[in-house]
Amino acid sequence: MKKILFAASECVPFVKTGGLADVVGSLPAYFNDDEFDVRVVLPKYTCIPEKFTSQMRYVTHFYMPYMGRDRYVGIMELVHEGIHYYFVDNEDYYSGKAPYTDAYYDLEKFAFFCNAALSILPVVEFRPDIIHCHDWQTGLIPVYLKDRFAGSEFFRGIKTVVTIHNLKFQGIWSVDTIKAISMLSDYYFTSDKMEAYGNGNMFKGGLVYADRITTVSKTYVEEIKTPEYGEGLHGLMQARSNDLVGIVNGLDYRVYDPENDPLIPRNYNVDNFRKLKKYNKTALQEQLGLKVDSKIMMIGIVSRLTDQKGFDLIDAVMEQICQDEIQLVVLGTGEERYEKMFRYYAEKYPEKISANIRYNEAMSHEIYAACDAFLMPSRFEPCGLSQLMSLRYGTVPIVRETGGLFDTVDAYNEYEHYGTGFSFANYNAEELLNTIRYAEYIYYDKKRDWNRIAEFAMQADFSWNRSAREYEELYRELLED
Ligand code: ADP
Ligand code: GLC
């Protein structure tokens with residue numbers, strides 16, 4: 001049996017702020033369990049719902065020296081839907097309302113997590129062959145395995161994989177600060193290791209020391225080798241290109257399934273969506289106080305409201321979109337200017353625009369099921385799961401051709417009568433508007449084509465099956481090295 005440990009800062013169903021949680025919470029179940037024992041280690045945040053914390057089993061606790069003090073490390077354990085989870089408990093660090101709270105404090109709590117996640121392993125007697133680290137929060141683990149944990153027999157030979165879900169976030173602060181919270185020596189703070197542009201950089205440590213690096217789409221692999229998308233680390237990405245692969249994310253098709261989804265008013269499938277999907281639209285129109293009309297084109301957005309997702313482009317064309325025969329339903333939280341922008345248009349056009357400035361799992365499913373189209377004009381997108389959810393629900397994505405959006409959405413081609421969505425190339429508001437208007441034209445004037453696109457979308461396979469095989473192959477290859 002090959003033993004794999006996922007280390008991450010979020011994971012469904014316990015705690016989620018974005019797609020990282022979806023991936024960490026669904027991929028482990030898709031490995032062949034005759035060959036792989038995949039477990040997951042997470043911080044035990046106090047914001048994890050009681051229904052899960054009450055089921056966790058207390059294993060033991062110990063005190064770990066960290067930043068000049070002996071700190072409490074509790075170990076909790078839970079087997080949930082067949083997957084074995086370890087939780088690192090320390091209420092000084094993990095009692096915020098959300099997993100991420102304050103930029104500085106986040107660095108310290110995840111540096112502590114990297115130390116603790118390794119320290120608990122001999123105690124729980126689980127020695128992974130590979131530790132699979134996700135994003136900057138776990139970036140110190142590969143460094144520690146070469147440093148403070150290298151002396152011990154238990155840790156010798158453990159391999160590491162680092163997956164980049166988003167290179168924008170790296171865990172950066174002054175060299176002195178990162179030195180203090182990582183407790184690593186001066187040796188590590190040179191430009192070929194954890195120093196970058198005069199600062200200390202936690203993710204860079206992981207990206208330098210990992211045995212393999214993956215990211216979540218093939219296109220993003222190429223993009224991050226360029227100055228435009230490399231977030232300052234394109235040189236390192238180029239240098240490590242032999243160890244860098246792209247494996248596109250999948251979806252948990254058990255959870256995102258229009259035929260069996262308990263969170264939507266009317267279930268449907270690829271054979272009957274033409275008749276039934278619209279009942280989800282009228283139900284949502286009623287619920288949100290929009291004009292009830294099953295024929296009007298409804299466009300959805302479910303997103304963190306940040307620059308990454310292309311909201312400045314949407315802002316630039318909002319007034320024009322509002323003149324069209326459409327409805328727009330937004331669900332999201334994030335930067336204040338975008339929250340305000342959507343609230344403003346929702347007040348101005350109450351029958352057309354609905355701004356739901358909050359986080360709500362159930363409502364996200366209602367939107368994926370109800371809308372005709374889904375808007376995601378990202379500036380960059382390592383993979384993107386929202387468009388995969390939309391495809392699965394026959395809700396046609398309108399995207400910019402970047403990263404995983406480019407890899408997962410096939411632009412509609414009128415002459416070949418094929419496509420699963422609509423897309424545009426340049427980060428430009430006019431191209432976005434033209435693409436939305438082209439989609440409107442197909443929706444209203446070529447309804448049969450529109451329905452074919454939705455049908456192709458629903459037939460596209462983005463379940464984990466294929467991508468999980470690619471991770472298995474990567475693990476095997478790494479263990480043969
Ligand atoms: P990212 O991880 O960059 O935010 P993804 O598309 O990979 O983008 O994943 C976003 C995930 O978060 C999806 O599961 C999406 O449905 C969910 N999501 C985003 N905002 C909200 C919200 N306000 N309410 C509910 N779910 C949301
Ligand atoms: C990040 C990326 C998103 C990706 C997700 C899961 O949040 O922004 O594109 O889908 O991670 O890999």
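Counting starts at 1 for both ligands and their atoms, in listed order. Treat the numbers as computed from the prediction; the structure is a model and nothing was measured.
- Closest heavy-atom approach to atom 20 (N) of ligand 1 within the set Gly19, Ser303, Gly404: this belongs to Ser303.
- Annotation for ligand 1: atoms under 4.0 Å from non-hydrogen atoms of Arg358 are 22 (C), 23 (N).
- Taking both residues in full, the closest heavy atoms of Ala454 and Gly394 are given as CB-O, 3.6 Å, listed atom of the first, atom of the second, then distance.
- Checked for salt-bridge contact, Arg274 and Glu455 meet the test: a charged N lies under 4.0 Å from a carboxylate O.
- Lys2 forms a cation-pi arrangement with Phe36, by the criterion of a distance under 6.0 Å to the ring centre and an angle within 45° of the ring axis.
- Heavy-atom proximity to Gly384, at under 4.0 Å, picks out these atoms of ligand 1: 6 (O), 7 (O).
- Remark: minimum distance from atom 6 (O) of ligand 1 to any protein heavy atom is reached at Leu385 N, 2.8 Å.
- Shown here are the salt bridge (charged side-chain N to carboxylate O under 4.0 Å, His left out) partners of Arg266, two or more places apart in sequence or in another chain: there are none.
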*Hey, mind stepping through Phe422 and Tyr438 against ring-ring contact (aromatic ring centres under 6.0 Å, His included) and telling me if it holds?*
CA-CA 8 Å; Phe422 295 87; Tyr438 178 55; 5.6 Å; yes
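- If you check the side chains of Tyr268 and Asp261, you find no donor sitting under 3.5 Å from an acceptor.
- Counting heavy atoms closer than 4.0 Å to ligand 1, residue His165 contributes nothing at all.
- In summary, the atoms of ligand 1 found under 4.0 Å from a heavy atom of Ser386, numbered by their order in the structure, are 6 (O), 10 (C), 13 (C), 15 (C).
- Proximity of the aromatic rings of Tyr475 and Phe31 is defined here by a centroid distance below 6.0 angstrom, and this criterion is met.
- Under the ring-ring contact (aromatic ring centres under 6.0 Å, His included) rule, Tyr93 has a single partner from Tyr45, Phe110, Phe113, Tyr105, which is Tyr105.
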Inventory of protein N or O atoms under 3.5 Å from ligand 2 N or O:
| residue | atom | partner | partner atom | Å |
| --- | --- | --- | --- | --- |
| ligand 2 | 8 (O) | Gln308 | NE2 | 3.1 |
| ligand 2 | 9 (O) | Glu381 | OE2 | 2.5 |
| ligand 2 | 9 (O) | Cys383 | N | 3.0 |
| ligand 2 | 9 (O) | Gly384 | N | 2.9 |
| ligand 2 | 10 (O) | Gly384 | N | 2.7 |
| ligand 2 | 11 (O) | His165 | O | 3.4 |
| ligand 2 | 12 (O) | His165 | ND1 | 2.6 |
| ligand 2 | 12 (O) | Asn249 | ND2 | 2.8 |

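- Annotation: atom 12 (O) of ligand 1 to nearest protein heavy atom, Lys16 CE, 3.6 Å.
- Considering only non-hydrogen protein atoms, atom 18 (N) of ligand 1 sits nearest to Val302 CG1, 3.8 Å.
- Short contacts between ligand 1 and Gly332, defined as distances under 4.0 Å to a heavy atom of the residue, involve ligand atoms 23 (N).
- Taking the six-membered ring for Trp and the full ring otherwise, Tyr443 and Trp450 have centroids separated by under 6.0 Å.
- For atom 4 (O) of ligand 1, the nearest non-hydrogen atom of the protein is Arg304 NE, 2.7 Å.
- Contact of the Met194 side chain with the Val208 side chain is not registered, since no non-hydrogen atoms from C-beta on lie closer than 4.5 Å.
- Of the protein's non-hydrogen atoms, Lys309 NZ, 3.0 Å is the one closest to atom 8 (O) of ligand 1.
- Given atom 13 (C) of ligand 1, the protein heavy atom at minimum distance is Asp22 OD2, 3.7 Å.
- Residue nearest to atom 21 (C) of ligand 1, selected from Tyr368, Phe380, Tyr359: Tyr359 (by heavy-atom distance).
- Atom CD of Gln287 and atom CG of Asn280 lie 11.0 Å apart (nearest 0.5 Å).
- Between Glu431 and Arg400 there is no salt bridge, since none of the side-chain N atoms of the basic residue sits less than 4.0 Å from a carboxylate O of the acidic one.
- Between the side chain of Glu10 and the backbone N or O of Gly18 there is at least one donor-acceptor pair closer than 3.5 Å.
- Protein heavy atom in closest approach to atom 25 (C) of ligand 1: Asn360 O, 3.4 Å.
- Within the structure, the closest approach of Gln387 to ligand 1 does not fall below 4.0 Å when heavy atoms are considered.
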